[in-house]
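Down below is the structure, laid out as structure tokens.
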2 protein chains.
Amino acid sequence: MSEPRLTFTLHRIVAVLDRHADGILRNAMDMTYSQFLFLVHLAEADGASGATLADRLGVSRAAVSKRIPWFEQHGFVTTSEDPNHGAIRRIHLTRQGADRLAKASTLLETAFRIPADQSMSFDVNELHEHLLELLASLEASLPNTQRGSPATPRKDD
Amino acid sequence: MSEPRLTFTLHRIVAVLDRHADGILRNAMDMTYSQFLFLVHLAEADGASGATLADRLGVSRAAVSKRIPWFEQHGFVTTSEDPNHGAIRRIHLTRQGADRLAKASTLLETAFRIPADQSMSFDVNELHEHLLELLASLEASLPNTQRGSPATPRKDD
DNA sequence: GGATGAGTGTTAACTAGTTGACACATGGGC
DNA sequence: GCCCATGTGTCAACTAGTTAACACTCATCC
């Protein structure tokens with residue numbers, strides 16, 4: 001009962017961050033945090049296939065496949081066939097999508113920089129370095145932690 | 001684009017931890033991490049109402065209400081009426097539920113203590129202290145972050 | 001004592017994710 | 001050339017969460 005606390009603290013921080021980020025994006029530009037993440041990862045891998053985007057987002061291929069029509073209809077994303085491989089659809093961020101992402105990014109940055117950097121008794125960058133080290137250690141020592149193949153669900157009955 | 005990285009690192013750590021914890025519990029005792037969390041929070045507030053348990057778990061009252069029958073059927077939980085307030089159902093952990101929780105706890109503790117404590121270039125306890133400070137700062141400076149009332153969903157269409 | 005307001009638990013309708021299956025495309029062995 | 005193994009995208013069925021609405025219990029206030 002003494003050791004899982006760190007895990008719980010991490011969960012609570014993430015929950016608070018998500019909730020707040022979501023609220024900001026909704027209020028300011030009628031956008032979901034989930035949509036923001038989609039655009040962020042696509043921007044970092046523009047022209048990616050659905051499979052690699054799913055991998056980056058940590059969700060299944062099916063989840064990405066189902067969301068793409070919405071982004072296309074709203075003009076944030078276009079898809080094209082891969083000239084070298086007919087089974088692959090390349091996903092591209094449009095100018096409009098990039099603009100929306102940029103606006104959301106600055107919104108979140110300013111919102112979170114103020115409370116976090118101010119008046120902390122320690123170095124936030126150092127904290128981040130330690131967390132990255134922890135993450136690397138976890139990924140190294142815990143077997144088969146590949147993204148895109150999360151644990152299989154098990155119903156409560 | 002430079003600042004949200006800490007957020008992303010936190011998300012990745014939590015995802016890795018969850019996935020691995022879930023796998024351990026499934027393999028060893030056919031249990032879900034979500035079920036584990038339910039028992040943990042109930043143990044910390046035995047006899048709680050569904051509303052306070054939902055609050056602790058960070059989910060809605062409806063979610064708790066729907067899960068209780070499963071835990072009752074498996075003998076991990078019993079419910080009783082509150083003698084002072086007819087609208088409240090008190091939820092209690094059974095002996096069997098406590099045993100299951102204890103087994104799962106030690107399982108996870110030993111699994112996570114090894115990779116985390118070993119060969120870190122910094123003090124894990126100090127890291128935890130800093131994270132708690134960060135959490136407190138976030139909860140203080142970000143408005144209305146009460147649990148149990150998460151952001152309203154917004155569909156992708 | 002009766003209206004009222006707040007808190008609790010449950011239900012229906014919905015959302016966003018999952019797994020598993022499938023059809024299809026590609027690249028290598030043989 | 002053919003077969004096979006692998007990777008991709010999509011569909012159906014399902015899961016676990018959500019909100020909104022409801023009935024209900026209680027305390028309070030007049």
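Proteins come first, then strands; the chains are lettered A, B, ... in the order of their sequence lines, and each starts at number 1.
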- Task: Could you please name the option among dA21(C), dT18(C), dT8(C) that lies closest to any side-chain atom of Val59(A)?
- Result: dT18(C)
- Given atom CD of Glu72(A) and atom P of dG9(D), what is their separation to the nearest angstrom? 13 Å
- Message: In this structure, how many angstroms lie between the C1' atom of dA23(C) and the CD1 atom of Ile88(A), rounded?
- Response: 16 Å
- Nearest-angstrom distance from the residue atom CZ of Phe38(B) to C1' of dT15(D): 17 Å
- Please determine, for the side chain of Ala62(A), which listed nucleotide (dG17(C), dG20(C), dT18(D)) has the closest atom? dG20(C)
- salt_bridge(Arg56(A), Glu44(A)) N-O dist < 4.0 Å: yes
- Donor-acceptor pair under 3.5 Å, Lys66(A) side chain vs dT18(C) base: yes
- Arg67(B) side chain near dG17(D) phosphate (N/O to OP1/OP2, under 4.0 Å): yes
- Classify the angle between the aromatic ring planes of Phe122(A) and His130(B) as parallel (below 30°), tilted (30 to 60°) or perpendicular (above 60°). parallel
- Task: Answer yes when Arg26(B) and Asp22(B) have at least one side-chain N-carboxylate O distance shorter than 4.0 Å, and no when they do not.
- Result: yes
- Note on the structure: Taken to the nearest whole Å, CZ/Arg61(A) to C1'/dA12(D) is 15 Å
- Ignoring hydrogens and angles, state whether a donor on the side chain of Arg89(A) or Thr79(A) is under 3.5 Å from an acceptor on the partner side chain. yes
- Note on the structure: Atom CH2 of Trp70(A) and atom C1' of dT15(C) are separated, to the nearest Å, by 14 Å
- Arg90(A) CZ to dA25(C) C1', straight-line distance once rounded to whole Å: 13 Å
- What is the distance, rounded to the nearest whole Å, between atom CZ of Arg26(A) and atom C1' of dT15(C)? 11 Å
- Between atom CD1 in Ile68(B) and atom P in dT8(C), what is the gap in whole Å? 13 Å
- Item | Contact under 4.0 Å: Ser65(A) side-chain N or O vs dT10(D) OP1/OP2 | yes
- For the side chain of His74(B) and the backbone of Phe76(B), is there at least one donor-acceptor N/O pair under 3.5 Å apart? no
- Message: What contact category does Ala51(B) fall into here, base, sugar-phosphate, or nothing, at under 4.0 angstrom with non-hydrogen atoms?
- Response: sugar-phosphate
- Between Gly86(A) and Val64(B), which has a closest nucleotide on DNA chain C that is more 5'? Val64(B)
- Would you mind telling me which residue lines up with the more 5' stretch of DNA chain D, Asp82(B) or His85(A), judged by nearest nucleotide? His85(A)
- Message: Let's test your reading of the model: under 3.5 Å, does the base of dG9(C) pair with the side chain of Arg89(B) as donor and acceptor?
- Response: no
- Message: For dT18(C) and Ser60(A) - does any side-chain N or O of the residue sit under 4.0 Å from the phosphate oxygens OP1/OP2?
- Response: yes
